[in-house]
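Below: one structure, written as structure tokens.
Heavy-atom basis, side chains included; hydrogens, waters and symmetry copies ignored. Labels below follow one simple rule: chain letters A, B, ... track the order of the sequence lines, proteins then strands, and each chain is numbered from 1. Everything quoted here is computed from the prediction, not taken from an experiment.
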Amino acid sequence: MEVRNRIVGFLLILPAFLILALLYVYPLIRAIWMSFIKDGFLSLANYAKAFDIYSRDILYSVVITSVTVGFVLVLSILLASYLRFKEWRFLDIMYRLPLFIPFLIVGHAMRIFLAPHGTLNSLLTRILKVEELPGFSRSWIGLLWTFVWVMTPYAALIILGAFRALDSSYIEAARNLGASKGKIVFTVIIPMCKPSIMVAAILTFVRTISSLTILVMIGPNTPNMITVDMMFRINFFNDWGVANALGVISYLIVIVLAVYYLRFMAAERGGIKG
Amino acid sequence: MMVVLQTQNLCKSYGQVKALDDVNVYIEDAQLLAVIGPSGSGKTTLLRSIAGFVELDSGKILIKSKDVTNLPPEKRNVAMFFQNYALWPHMTVFENVAYGLKIRKYDKNTIRERVEWALDFLDIRSLAERKPSQLSGGQQQRVALARAIVIQPDVLLLDEPLSNLDAKIRMRIRFELKALQKRLKIPTLYVTHDQEEALSIADKIAIMHNGKVLQVGTPEEVYKNPVDLFIADFIGVNSVVKVKCAGEKLVEVGNLKLPVQKETVYVVIRAEETKVLPIQQRFDIAEGDLRLEGTIIGKLYLGSKYRYEIKIEGVDEVLFINSEEVYNVNEQVQIISRKGNFFIYEQ
């Protein structure tokens, strides 16, 4: 009976396991393997070339992504704090809208909005009473703006969910002892929702560092982010080796973050259990 | 005596439901006012409105003669003890207790001194560096209490403080809590659904039902002179007998013939103060005492006594009376309740 149960259990998970193995594990291992192959031989040449040509882009990717995460967290926490204390249905619906707009459309819309004679500049030239302003659509400012615009609703959704799930008595206890709402956010809500904020930060980081569409639509021509470099290596040079090496580097960046997150979670649990 | 907390005509409705219906209570000096009532009676709404967490439809709340009705919770200087303790898990015991003082911007030394005083007062100094998850329920309760008293509030609000503790600890902490409140001399409003807890701990009791305060008095007053059927039934362990008017304006309940105005009479009999005797035993009853005859139809062993289920001829309700004597099921008994231990209400 027990053997039969085991077989049934195995058969039940087999489709999911096969899909994971075929569509995720195999390509991942193959990409890692190919990143170490140059002219049919095992070597680090692809990595040497990747760092030689793209080290500035790798740094740029990390910086832009980290700054995006910073802005996204600040905005999401502000939004979530506001909505935790005050019911405002309109804002509650509006902040989620970007979730339903494809990246391609966002990129296009932002190109129009941030162009040299786009919506933003038309407005700014009138307010500042100047003739002309440079466009932001092909600069790091435009890119950052767009990333923050796209990523904030995801992070806010996670963070607001955590804020709302927090038992009201923890907040009321602080108010009862004289704390203002701002004080409560920093001393009670954020520390108690730290794990969810970490999840939001990591997801934002991963989604930003791996995005391509927005960069192609609105990003500066140089420096560029890793994903665009990968695309170039494949499209123009058919250089899968360096492209894979760049892919592995971005994996490693994310893994560093994942390890940090897991250690943080373990410490949190350890701290609570004592 | 100075009135520290006073509520004047408090009203609050949630849709059609009146959570507070013209509620007037007050606490003098260091009194402990227990607010009791069944679930949904409005007692927690009353407590939360005093803390500032419920926006009232009308009425006034005065603390030390100052109108605080429209003040936000953080400006009222009342300390609330939450049913689930609401200790912040990321802070140590010391940090939890110090929170209110830090908010009030006391200097470090004063904070340390006062927190240590509160921890000593509640005998939990040794737990100062622990996190709440490392404490037992009883210890968490003390920390929550320390956090509330350390800010020296004008009024202390306790929301079912003992409900999360097991029965044995609850009994012990009842005494401790009462002694503590007397030593601290902080006016206290204590919400509970446990009437025994309220009777044992309170200086005064307010009984709420459907958003209204039905009676306010000392524990003895509400126990001995309940003003209506609900209170008589709610306080103490009782059995209620419903009797329909048989003849013209006269009702017969056991040996008593009562002149009445209305059709139905309810007799509330205090189960713990009623005797169950063998039917043949001679027993002199005084005028006004109640004597009923019935048959035991069930019994429960409660340790020091039995709880008997007794059927009275001609009465639908079954009586539940406690007695140390041993009787068998189907045995005929007489039930004697002295004047003052049963109450009669017409409805």
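- With a 4.5 angstrom heavy-atom cutoff, B:Arg147 touches chain A via backbone and side-chain atoms both.
- The environment of CH2 in A:Trp145 is sparse: at most 12 heavy-atom neighbours from other residues, nucleotides or ligands sit within 6.0 Å.
- Taking B:Gly52, B:Ala79, B:Pro132, B:Pro153 one by one and counting their heavy-atom pairs under 4.5 Å with chain A, the maximum is reached by B:Ala79.
- In this structure, no portion of B:Leu101 lies under 4.5 Å from any heavy atom of chain A.
- The local environment of NZ in B:Lys66 is sparse, with at most 12 non-hydrogen atoms from other residues, nucleotides or ligands closer than 6.0 Å.
- Within a 6.0 Å sphere centred on OH of B:Tyr26, heavy atoms belonging to other residues, nucleotides or ligands number 12 at most.
- Note on B:Leu157, B:Val150, B:Val78: by heavy-atom pairs under 4.5 Å with chain A, the leading option is B:Val78.
- Heavy-atom neighbours of chain B within the stretch residues 169-194 of chain A, taken at a separation under 4.5 angstrom, comprise A:Ser169, A:Tyr170, A:Glu172, A:Ala173, A:Ala174, A:Arg175, A:Asn176, A:Leu177, A:Gly178, A:Ala179, A:Lys183, A:Ile184, A:Thr187, A:Val188, A:Pro191, A:Met192.
- Scanning residues 59-78 of chain A against chain B with a 4.5 Å non-hydrogen threshold yields no residues.
- Only the side chain of B:Arg104 comes within less than 4.5 Å of a heavy atom in chain A; its backbone stays farther off.
- Atom CG of B:Asp67 is surrounded by more than 12 heavy atoms from other residues, nucleotides or ligands within 6.0 Å.
- Within a 6.0 Å sphere centred on CH2 of B:Trp117, heavy atoms belonging to other residues, nucleotides or ligands number more than 12.
- Within a 6.0 Å sphere centred on NZ of B:Lys18, other residues, nucleotides and ligands contribute 12 heavy atoms or fewer.
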